[in-house]
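Read the structure below first, then the notes.
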Amino acid sequence: MTDIINRAYGTMLAWKQTSVVNWSMTELSPCYVFQARDISEIKQALTAARMQGLSVIAHGAGHSYTDAALNTNGVLIDVTGMRRILAWNPEQGIMQVEPGVPLGEVVRVALADRWWPAVTPSTADATVGGCVAMNVNGKNAWKHGSFGEHVLSLTVLLASGQLLTLSPTSDPELFRAFVGSAGLLGIITSVTLQLQRIPSAQVDAWIRPCASLDELFSIFEEEQAADYLEAWVDGFASGRDLGRGIVTVTKHSAVSDDAGSRFPGFRVPEQFMQGLTRYAGTLCRPAVEGGVRSANSVAYWGSHWWGSKRPRQKSLVRSTYYAPAMFTGYRALLPEGSETFQAFVPSSRAASLFKAIIRHSQEHNCIPLWCIIKRHRQDPFLLSYQVDGFSLELNYRIIPRKAQVLRQMLQGLMELVIAAGGRFYLAKDSLLTNTLYRRSIGDAAVEAFLSLKQQYDPEMLFQSNLFRRVFQPSLQQSEEHGADV
């Protein structure tokens, strides 16, 4: 016991007190950061946190838009140092990794053997542990669902210090709760993934312009044979042009290219590109809205020329992932941060609701700079945000003098989404409250999650700002209700 306490004190000395910001730069959280290299160091950090009466949450690459991986005045356990690929079976496409392995590393190893993540977000820097914790989705969500549907098993560390291996068959209830739980039930220490076999590392891409949202949804129906679908919408277009945009239709190419099976590097050094985009973003700040409005018009009308019967062949990697420099430029362009709103809505209500959301934004003079539509299907996880339908993601520039108007408008839009049977994504909607979350996902799901939380983490060791914002009032209400009974 003395040895454990001594190691715990050593861990406390290794804590670094700092402030961590979420990806959208809307929240700065003072906390203690501990960089873990293995399971034993995580256990030491948990012991040290208990001794100090502090809560803990795991932290990966920091790509969550919200406060899901922030823990004000608590401990962040940085798992990006746990980045070993533990096993790779190129015959079956099964890979076991530690939680801090970035998706780019998974692709680098698997692509040479013609395997690819069945579901992936648009950044290769996201960690596998983070993808499981938030149960991310991609451009093929209507075909392949969410990230968690391709996880064969998880090894997790509970608050008690017990290591469990979970799978959809061995412990289905806890497995379905752990995936998408935002790290609130324990810390993921390894993930076993089933990857997708692909014919080559190339894709064929078509660009299809659409003059309205109705036409956009028609294209989604027509292109069911595609492997990936994503639509961009011009948030500035109004009146008869409301909802105009571009649908990108992508299919795996049958053309085999051995050279393309290697993870492609960028011709220009990434550090130089990030510096360049940071400078360009800073330079363009005064003309953000006018510049985006003009760029949107050029992109839409240009798509009539770019789009054709003949596809453009490109690398699957570059088709899927944005270069890190683009994110650098985006954040430099919006120094006050951005507010993201993503609504997941059943198919029957999507078109009319998305029109109302865009129109409502324009009426409040809060124009979204970036609008994306994807198609989805339901998944089996306890805190699932996906529905059989579509999602609309809107990204708004935060202007301090208009910030309150924007927040009030977005909370009003959440009411419309809930009335339409829609849901929200914990990784992106930072204004979601306990009441709104319960109404969208249902009391039963929240109560089931809190019951498991009480069972496996009765001292509430694993907490985050998101937990206190979205779940803690529910917990207090549940305890009060139990006391009344």
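We count residues from 1, following the sequence as given.
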Query - Working for salt bridge (Lys or Arg N to Asp or Glu O under 4.0 Å), residues Glu223 and Arg375 - result: CA-CA 11 Å; Glu223 298 289 358; Arg375 190 166 193 168; over 6 Å; no
Query raised in the report: Can you name the nearest heavy-atom pair linking Pro209 to Ile207, along with the distance?
Result: CD-O, 3.7 Å
Query raised in the report: Given Thr340 and Ser430, is the side-chain contact (heavy atoms from CB on, under 4.5 Å) satisfied, shown in steps?
Result: CA-CA 8 Å; Thr340 300; Ser430 64; over 6 Å; no
Query raised in the report: Any donor and acceptor pair, going by atom type alone, linking the side chain of Gln362 with main-chain N or O of Gly235 inside 3.5 Å?
Result: yes
Requested in this report: Only one of Trp142, Phe354, Tyr385 passes ring-ring contact (aromatic ring centres under 6.0 Å, His included) with Phe344; say which it is.
Outcome: Tyr385
Query raised in the report: So Trp23 and Tyr65, would you call those rings parallel, tilted or perpendicular, with 30° and 60° as cut-offs?
Result: tilted
Query raised in the report: Parallel under 30°, tilted from 30 to 60°, perpendicular over 60°: which one fits the rings of Phe381 and Phe175?
Result: tilted
Query raised in the report: What pair of heavy atoms forms the shortest contact from Ala351 to Leu213, and how long is it?
Result: O-CD1, 4.2 Å
Report task. Please check if the side chain of Lys143 supplies one atom and the backbone of Ala226 the other of a donor-acceptor pair under 3.5 Å. Result -> yes
Query raised in the report: Would you say the side-chain atoms of Glu105 pair up with the backbone N or O of Val101, donor to acceptor, closer than 3.5 Å?
Result: no
Query raised in the report: Does NZ or CZ of Lys251 fall inside the cone over Trp206's six-membered ring, less than 6.0 Å from its centre and within 45° of the axis?
Result: yes
Requested in this report: Look only at the side chain of Gln411 and the backbone of Gln408, and say whether a donor-acceptor pair between them is shorter than 3.5 Å.
Outcome: no
Query raised in the report: Looking just at side-chain N and O atoms, do Ser212 and Asp214 make a donor-acceptor pair shorter than 3.5 Å?
Result: no
Report task. Please say which of Thr72, Asn434, Asn71, Asp67 ends up in a side chain to side chain donor-acceptor pair (under 3.5 Å) with Arg468. Result -> Asn71
Query raised in the report: Donor-acceptor pair, Asp457 side chain versus Leu185 backbone, under 3.5 Å?
Result: no
Query raised in the report: Ring centroid separation for Phe217 and Phe390, is it under 6.0 angstrom?
Result: yes
Query raised in the report: Is a donor on one side and an acceptor on the other found under 3.5 Å between the side chain of Ser303 and the backbone of Tyr300?
Result: yes
Query - Short side-chain donor-acceptor distance under 3.5 Å, Ser338 and Asn395 - result: no
Query raised in the report: Is it true that the side chains of Gln386 and Asn137 contain a donor and an acceptor less than 3.5 Å apart?
Result: no
**Report entry** Inter-residue atom distance Gln202.CD - Gln313.CD, 0.5 Å rounding
**Finding:** 5.0 Å
**Report entry** Leu432 backbone acceptor or donor facing Arg469 side chain under 3.5 Å
**Finding:** yes
Requested in this report: State whether the side chain of Asp429 and the backbone N or O of Gln342 hold a donor-acceptor pair below 3.5 Å, judged by distance alone.
Outcome: yes
Query raised in the report: So, Ser253 side chain and Asp204 main chain: donor-acceptor pair closer than 3.5 Å or not?
Result: no
**Report entry** His144 side chain to Gly138 backbone, donor-acceptor under 3.5 Å
**Finding:** no
Query raised in the report: Which of parallel (below 30°), tilted (30 to 60°) and perpendicular (above 60°) describes Trp301 and His304?
Result: parallel
Query raised in the report: Is the charged tip of Lys453 near the ring of Phe467: under 6.0 Å from the six-membered ring centre and within 45° of its axis?
Result: yes
